[in-house]
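Encoded as structure tokens, the structure appears first; notes follow it.
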Amino acid sequence: MERRCRRCLLEEFDEAAYVRTLKDHIERTPQRERTPEDQYAKRLEACKACDYLEAGTCTACGCYVELRAASKRGKCPYKKW
């Protein structure tokens with residue numbers, strides 16, 4: 001069983017494991033609930049241009065932007081998408 005980090009400091013964080021977990025979560029999301037690829041890319045571009053993005057997290061709401069952007073129901077707290 002893979003050990004997941006629940007309370008680690010950024011200096012202890014395994015970035016590769018985070019990316020794998022993130023991608024696995026998105027891929028396990030049913031297709032009917034996922035944002036179409038072109039729209040997902042546009043959402044991420046908006047996030048990358050936003051001052052609230054920090055290390056993959058929206059500091060305005062605390063979400064992981066890639067997860068929120070991947071969901072059809074996901075919404076930007078500042079209505080950028």
Working to the nearest 0.5 Å, report the span between SG of C61 and OH of Y78. 8.5 Å

Nearest-0.5 Å distance, CG of residue L67 to CG of residue L22: 4.5 Å

Which residue pairs satisfy the salt bridge (Lys or Arg N to Asp or Glu O under 4.0 Å) criterion with at least one member in residues 61-77, sequence neighbours excluded? none

Listed by chain and number, what are the side-chain contact (heavy atoms from CB on, under 4.5 Å) partners of A49, not counting sequence neighbours? none

State, yes or no, whether a side-chain contact exists between P77 and C58 at a heavy-atom distance under 4.5 Å. yes

Taking every heavy atom of V65 against every heavy atom of L44, the minimum-distance pair comes out as O-CD2, 4.2 Å

With a 4.5 Å cut-off on side-chain heavy atoms, are E33 and S71 touching? no

Who clusters with W81? Use side-chain heavy atoms, under 4.5 angstrom, across I, L, V, M, F, W and Y, and order the result by chain and number. none

Atom pair OG1/CG of T29 and D24 - distance to nearest 0.5 Å: 10.5 Å

side-chain hydrogen bond (donor to acceptor under 3.5 Å, both in side chains) pairs touching residues 42-61, sequence neighbours excluded, are T35-R43, E45-K48

